[in-house]
Amino acid sequence: MTVPTSTQTEPIHATPTDASNAARRPGLGAQLLRRKPIGQMVREAGSSESGTPLVRSFGVLQLTMISVGATLGTGILVILGESVPLAGPAVWISFVVAGLAALFSAVSYAEMAGLVPVAGSSYSYSYATMGEGMAWICGWCLVLEYAVSVAAVAVGAGQYVNETLAAFGQFLPDAMSQPPGSGGVVNVPAMAIVVLAMILLVRGAKESAWINTVIVAIKIVILLFFCAVAFTAFNAGNFEPLMPMGAAGVSAAASRVFFSYIGFDAASTAGEEARNPKRDLPRAILLSMVIVTSIYVLVAVAAIGARPWEWFGGTEAALVQILEETTHQPWIALVFSIGAVLAIASIVLTVLYGQTRILLSMSRDGLVPEVFGRISPRTGTPVAGTLIVGTAVALTAGLVPLGALADATSIGTLFAFALVNVAVIYLRRNRPDLKRSFRVPLYPITPVLGTLMCAYLMANLGADTWVVFGGWMLVGIALYFGYGRRNSKVAALTEQEYRELSARVHDPETVKAELS
């Protein structure tokens with residue numbers, strides 16, 4: 001492979017399976033520490049194994065709605081009943097704590113998204129700063145975060161589908177609306193929502209984004225409607241005692257509801273489909289965090305004010321039941337249930353979208369099979385990757401209980417967020433020459449606090465969750481040594497080629513020309 005002498009360097013197209021490349025491959029330690037040059041990432045943005053680029057069609061509105069769509073509703077509509085027994089009336093404080101941790105990471109994401117506007121999100125940020133080894137770990141955590149969170153959210157669909165059918169005197173039996181271990185055989189509504197989202201994503205990203213925008217607007221309206229009704233039954237006495245389980249209960253609930261904030265980083269996976277990513281990605285990420293946190297706290301306060309915290313234990317579709325008991329009007333609960341199903345559908349749609357873009361970036365680097373990086377010339381989407389991921393997620397949603405999925409998602413998310421905070425610190429120290437469209441305020445305090453808060457929330461997750469996470473990491477390590485290490489395109493470069501490419505991207509004039 002010859003490195004061109006001009007600044008318009010071609011994307012890496014090494015063939016790491018050749019015997020000559022295998023012979024010159026760096027040692028394990030050197031390969032794990034090899035960083036992918038940022039300029040190379042930017043030049044490859046929009047390319048794929050098939051040579052067909054992603055379509056740049058998203059403005060700040062669509063990016064914000066992707067972020068809000070992937071976030072808003074999860075903690076309130078699906079796991080509120082599991083969080084209130086942990087924190088008591090102080091569950092709203094748990095949302096604030098989790099939101100604060102997410103905000104510290106969100107501003108780091110905003111800086112990195114403007115600096116490295118590619119589809120890989122924190123995987124790409126880690127590759128540019130900490131090397132291939134940490135990038136693989138981060139990417140594997142993102143697979144856990146995105147794919148498993150889609151399944152976790154979809155699991156809650158069965159509850160609201162039954163609430164909708166109840167208005168007509170019908171219901172789905174547990175065998176069709178609950179997974180094994182929760183009294184059922186397969187969760188059919190969960191699988192159906194994932195399959196519908198998969199079909200929509202295959203058709204095109206632009207169409208999916210506009211449908212998502214409409215659904216998000218409906219979701220915000222129904223949550224505000226719930227607040228208006230719930231506040232008519234507000235009882236301040238329901239907040240005493242505020243923390244019956246103490247600060248430990250609030251922390252445990254915060255660790256669980258952090259699952260509710262994973263959506264904002266979905267916008268960063270749209271870096272190659274945004275019309276002006278350096279300007280619009282940071283704006284979308286921060287705006288979505290403000291919207292989501294405000295609504296979460298408002299709904300949590302309204303729900304606790306309407307019912308004592310003990311009432312929530314084991315309650316499914318808690319918000320619908322509050323509406324029914326408060327208004328005694330079945331049609332109101334029906335409208336809310338339909339809105340809740342749409343809300344869950346928008347989360348599934350946007351998070352599944354993010355998962356396919358993460359795998360596209362990893363495929364581009366040779367760390368996962370090429371099939372995930374093939375973009376259809378007709379639709380401009382990674383059709384094969386979407387079908388593979390969608391099928392796997394649908395099966396998971398239909399067969400695995402909610403609680404295990406939510407906790408596993410949280411730990412993967414927290415780990416990935418911590419790495420993004422570290423990436424900001426690394427690039428500020430080692431690449432101060434790069435032009436940044438957004439800068440983390442109060443540096444280095446903000447990214448340091450973001451890292452520490454992520455570590456604190458991870459420490460509060462249960463031992464079973466850590467065992468699952470450890471097992472997931474072992475599987476990831478096996479896959480890396482079985483496939484990624486041998487097929488990595490960055491590792492296939494000779495030491496001279498790698499140094500020349502890195503030096504060229506580090507040149508201030510090249511950086512200014514390619515990244516400004």
Side-chain angles (χ1 to χ4, degrees), residues 74-75 78-79 81-83 85-86 94 98 101-102 105 122-123 126 133-156 178-184 186-187 190-191 194 248-249 251-263 265 347-348 351-352 354-355 358-359 362 368 389 391-419 453-482 484:
T74 310
V78 179
I79 62 172
E82 298 187 11
S83 302
L86 294 175
S94 298
S105 297
S122 51
Y123 158 76
S126 298
M134 194 58 71
W136 171 262
I137 291 174
C138 184
W140 192 238
C141 284
L142 290 174
V143 172
L144 179 66
E145 171 190 344
Y146 282 82
V148 179
S149 69
V150 170
V153 173
V155 166
Q178 298 291 340
S182 297
V186 61
N187 192 329
M191 296 184 69
V194 174
S251 297
S255 298
R256 174 159 290 187
V257 302
F258 191 85
F259 165 78
S260 310
Y261 288 92
I262 69 167
D265 62 329
I347 298 170
V348 171
V351 178
L352 189 62
Q355 175 66 94
I358 295 291
L359 289 172
M362 297 179 73
V368 298
V389 172
T391 301
V393 170
L395 291 173
T396 304
L399 301 174
V400 181
L402 171 62
L405 292 172
D407 285 349
T409 301
S410 292
I411 197 167
T413 304
L414 287 163
F415 189 85
F417 284 6
L419 290 181
M453 289 197 73
C454 288
Y456 173 74
L457 291 176
M458 288 178 72
N460 279 279
L461 290 170
D464 291 345
T465 303
W466 278 97
V467 170
V468 171
F469 183 66
W472 182 260
M473 287 294 101
L474 289 175
V475 172
I477 292 171
L479 290 175
Y480 174 75
F481 282 102

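When each of Thr391, Leu395, Val389 is tested with Val393 by the rule side-chain contact (heavy atoms from CB on, under 4.5 Å), just one qualifies, namely Val389.
Between Ile358 atom CD1 and Leu142 atom CG the span is 4.5 Å, to the nearest 0.5 Å. Distance OG/Ser122 to CE/Met134: 12.0 Å, rounded to 0.5 Å. Note that CG of Leu414 is 8.0 Å distant from OG of Ser105, once rounded to the nearest 0.5 Å.
A 4.5 Å side-chain heavy-atom check between Ser94 and Ser83 finds every atom pair outside the cut-off.
At distances below 3.5 Å, at least one donor-acceptor pair connects side-chain atoms of Trp466 with backbone N or O atoms of Met458. The backbone N or O of Trp140 lies less than 3.5 Å from a partner atom in the side chain of Trp472, making a donor-acceptor pair. At distances below 3.5 Å, at least one donor-acceptor pair connects side-chain atoms of Trp136 with backbone N or O atoms of Gly476.
The two atoms that bring Leu457 and Ala254 nearest to each other are CD2-CB, 4.0 Å, heavy atoms only. The shortest heavy-atom contact between Cys138 and Leu419 is CB-CD1, 3.5 Å.
Classified by interplanar angle (parallel below 30°, tilted 30° to 60°, perpendicular above 60°), the ring pair Phe415/Phe469 is tilted.
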